[in-house]
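Everything below concerns the one structure shown next.
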Amino acid sequence: MRYRIDSETEEYITIATVRPETILGDTAVCVHPNDPRYAHLAGKFCFIPLVNRRVPIIFDDYIDLEFGTGALKVTPAHDINDYNLGLKHGLPVIDTLNEDGTMSEAAGLYIGQDRFAVRKQIVEDLRALGLIVKEEDYVNQVGFSERTDVVIEPRLSMQWWCKMQEMAKPALEAVEADEIAYHPIKFKNLYRHWMSNIKDWCISRQLWWGQRIPAWYDNEGAIYVAETAEQAHEAYKAQKPALAAQFPELRQEEDVLDTWFSSWLWPMEVFGWNKQPDNKDLAYYYPTQTLVTAPEIIFFWVARMIMAGYEFTGKKPFSEVYFTGIVRDKQGRKMSKSLGNSPDLLQMIDDFGADVVRFSVMISSPAGNDLLFDEGQLEQGRNFCNKMWNAMKLVKGWEDRCAEGLDDSQVTFAINWMEARLAEVSAEVSEMMKDYRLSEGLKTIYSLVWNDFCSWYLEWVKPAQDQPISVAVYDRTIAIFEQLLQLLHPYLPFVTEDIYHILKDRTEGDDLIVRQLPAYPVPASEVLKSGSLLQEIITAVRDTRVKNQLKPKDVIKLSVDTANQAFYTQVTGILKRQINAGELVYTSATVAGSISLVVQTDKLYIEAPDVVIDTTNQRLQMEKDLQYYRGFVVSVEKKLLNEKFVANAKADVLENERKKHADALAKIKTLEESLA
RNA sequence: GGAAGCAUAGCUCAGCUGGUUCAGAGCAUCUGCCUUACAAGCAGAGGGUCCGCGGUUCGAACCCGUGUGCUUCCA
């Protein structure tokens, strides 16, 4: 449509709009300062059609040169961007809409008619005046009310605000100084940014449900803010006795408070702070320990609770905040009622058990990261519970086979190793717990139970079929099992408690849920290293067996060329059983007709009497290894010969490099000898 | 429009202070096993341009810049 320019000659400026009814509220026309088409209009005015209001033509680089005609009608009352333009250029604001969407008095025309009717009518009226240039279909984004599904019209209104600047200060400082610690820490950034650019808080809502704002109006529009209606009336009478005598009633504000305006009191209000600020519970529990919540409400709720805490009690509301992730479906969508993509928790608990559901959520919940809910994790949890149950069955089955006075020297190593692992992992897990790395903690315990305990330890101490087991080994195994269950208890409370009580008769009150973790000694690193070595040997031999098509039942003879016979002596029983070796002997020479392999710097020779052995593959593998280690030595030497590296690297890093170098050289030597 | 975050195995993700926990886990895949706790299991294996480009450093998955893609919050 065309707006007439205020000039001697008849001249128009053409403007496009999808909301023609809003022209009644126009208070300017805006063009880009660099637009040659409109440069001559500097300082000029134009007339708003129909109402014939004379408004300025303003220049602002907010305008997109390419878009439409390059000229924008500015309606500060009914568009947020126009409103900001109006503020910047000091434009008047004309609110042309009533609350019910009809045109207001201020519109000057079509008063009382619905906005959509006016939208059509005004086009006809403009056309009659010859001001319509062109009409075309146009698709644009329009907001609809979530509740009433009605098109939302931006409109100016009076609202209540809470001044935030002062309150934000101590709240920001507390988090910056880790007086209140965030987990994970990355949310500090977000918080800092928001708090240092904090805006005043619009606390009024036009809803029927909620706490009404405690403000009262008199007939002259004066406002009385008070705790109660009585107090408001008293203030009214005191200030305006004459008016109060004539009109004794005050009208309370109909707007209610934003729901967060009460929620921000939560940490103290749960202890009854409002009615009794000095009560015992509050004194004992406040400030509280840890708030667990979602990162999406860090501003709505967390920041405001912190501000309220300092504002009203002078103290922080809590010491730590743990932000969980948001559970999403497999496609990464938020779970919601309207999408219907929330899993049925009760059904899942029926199908898998409460512990398993808890497991599946915990295993995939790194703090602050969203988790995609996957049924596969339920299976993993179920399998894990089964694994522990079966381990319990195995161990419990030994109870009747316990015997005194047995020689358990062959399994002592296993027990010492497992106890050391338990101590080691337990320390790791407590560190993770302290840092709220909950999923990592669970993964660590999971691996300790499944791999260390079930796959290695139990196999190492397991008596042969129908053979008795030493009481000492049994008791220590039970003790280890108990401690594993205890570590796991926070994650799987029901299953662990159940197994704990099946493992042994318990006295009243001897429950996992109240049991304290023992103080573990510092684990012996020698034992741990020997354990890894033993595992490495077993895995290497098994791998060799598979690669050479030895059947599990084929009994082998193992010859070992080592400088560390003491170690092998200690674990002979375990080793022989784990690799199905009938014999373990020591040698210092190559064993002819055997498969040879190298573990660290020990040379192992496998003979299988009844099986024809082809060592070609084995030799090829060793040659590949040899090549790798030679390259490795070169790269390490390069580092060690680099003066800057030697000068700059930390002492332990340097030492480590030297050790790597020596180890690799020893390995090469061993490989070369084996291949000779 | 403003801001924050993410990008690592086929999938979902760990990886803290730059250097052996350094390229990992689970699932999936392949091979062999009904071995007397467990086949929902056991044993073994394969699989990677740590998104692209540039920089800092003796040294980068990690720090900085930049590009691309995605997510979220605010307006």
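As the structure is a prediction and not an experimental result, all values here were calculated from the model.
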Is there a side-chain polar atom (N or O) of [X] under 4.0 Å from OP1 or OP2 of [N]?
X	N	value
A:K638	B:rC58	no
A:K396	B:rA37	no
A:T539	B:rA43	no
A:W456	B:rC42	no
A:S439	B:rC13	no

Using a 4.5 Å cut-off on heavy atoms from C-beta on, say whether the side chain of [Y] contacts that of [X].
X	Y	result
A:W260	A:F299	no
A:R192	A:L172	yes
A:H183	A:R437	no

| Looking at A:E399 and A:K396, does any basic side-chain N land under 4.0 Å from a carboxylate oxygen? |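 Answer for the salt bridge query: yes.
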| Do NZ/NE/NH1/NH2 and the carboxylate oxygens of A:D663 and A:K659 come within less than 4.0 Å? |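 So A:D663 pairs with A:K659 through a salt bridge.
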Rounding to the closest angstrom, what is the interatomic distance between [N] and [M] at atom [atom1]?
N	M	atom1	value
B:rU29	B:rG52	P	29 Å
B:rA4	B:rG44	C1'	45 Å
B:rA7	B:rU12	P	13 Å
B:rC22	B:rG15	C1'	9 Å
B:rA61	B:rG24	C1'	12 Å
B:rU72	B:rC53	C1'	27 Å
B:rC62	B:rA14	C1'	14 Å
B:rU17	B:rC13	P	22 Å

| query | Reckon A:Q467 touches a base, only the sugar-phosphate, or nothing at all at heavy-atom distances under 4.0 Å? | reply |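 No contact.
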| Contact class for A:S455 vs. all strands (heavy atom < 4.0 Å): base, sugar-phosphate, or nothing? |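 Sugar-phosphate contact only.
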| Lys/Arg cation over aromatic A:W160: A:R205, 6.0 Å, 45° cone |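 Judged by the rule, A:R205 and A:W160 form no cation-pi pair.
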[Y] and [X] aromatic ring geometry - parallel, tilted or perpendicular at 30°/60° bounds:
X	Y	result
A:Y446	A:F359	tilted
A:W264	A:F261	tilted
A:W456	A:W460	tilted

| What nucleotide, of B:rA37, B:rG44, B:rA4, holds the atom closest to the side chain of A:A391? |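 Nearest to the side-chain atoms of A:A391, counting from C-beta on, is B:rA37.
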| field | Nucleotide of B:rU20, B:rC74, B:rA37 approaching A:L394 most closely (side-chain heavy atoms) | value |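 The nucleotide sitting nearest to the side chain is B:rA37.
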Rounded to the Å, how far apart are [X] [atom1] and [N] [atom2]?
X	N	atom1	atom2	value
A:E643	B:rU57	CD	C1'	17 Å
A:M432	B:rG15	CE	P	10 Å
A:F645	B:rG19	CZ	P	12 Å
A:W398	B:rU36	CH2	P	16 Å

| said: Donor-acceptor check, side chain of A:T539 to backbone of A:E536, threshold 3.5 angstrom: yes or no? | reply: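 Here the side-chain-to-backbone pair does not exist.
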| So, A:D200 side chain and A:W161 main chain: donor-acceptor pair closer than 3.5 Å or not? |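 No, A:D200 side chain to A:W161 backbone: no donor-acceptor pair under 3.5 Å.
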| Between A:T444 and A:E428, do the side chains contain an N or O donor and an N or O acceptor separated by less than 3.5 Å? |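 Not at all, the side chains of A:T444 and A:E428 share no donor-acceptor pair under 3.5 Å.
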| said: Both A:N642 and A:W450 contact RNA chain B. Which one's nearest nucleotide lies toward the 5' end? | reply: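 Nearer the 5' end of the strand: A:W450.
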| For RNA chain B, whose closest nucleotide is more 5', that of A:W194 or that of A:K393? |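 Result of the comparison: A:K393.
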Restricting to nitrogen or oxygen on both sides, can you table the protein-nucleotides 23-27 of chain B pairs closer than 3.5 Å?
{"from": "B:rG26", "atom 1": "O2'", "to": "A:Q380", "atom 2": "OE1", "distance (Å)": "2.8"}
{"from": "B:rG26", "atom 1": "O2'", "to": "A:Q380", "atom 2": "NE2", "distance (Å)": "3.2"}

| task | Check RNA chain B for consecutive Watson-Crick or G-U pairs with both distances under 3.5 Å and list the runs of at least three as stems. | result |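 The stems that RNA chain B takes part in, listed by first number, are B:1-7 with B:68-74, B:10-13 with B:24-27, B:29-33 with B:41-45, B:51-55 with B:63-67.
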Please list, for nucleotides 59-62 of chain B, all pairs of protein and nucleotide N/O atoms separated by less than 3.5 Å.
none

| request: Would you give the length of the straight line joining atom CD of A:E153 to atom NE2 of A:H78, rounded to the nearest 0.5 angstrom? | output: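 So the CD of A:E153 and the NE2 of A:H78 are separated by 8.0 Å.
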| task | Return yes if the base of B:rA43 and the side-chain atoms of A:R542 contain a donor-acceptor N/O pair under 3.5 Å, otherwise no. | result |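 It does not, because no donor-acceptor pair links the side chain of A:R542 to the base of B:rA43 below 3.5 Å.
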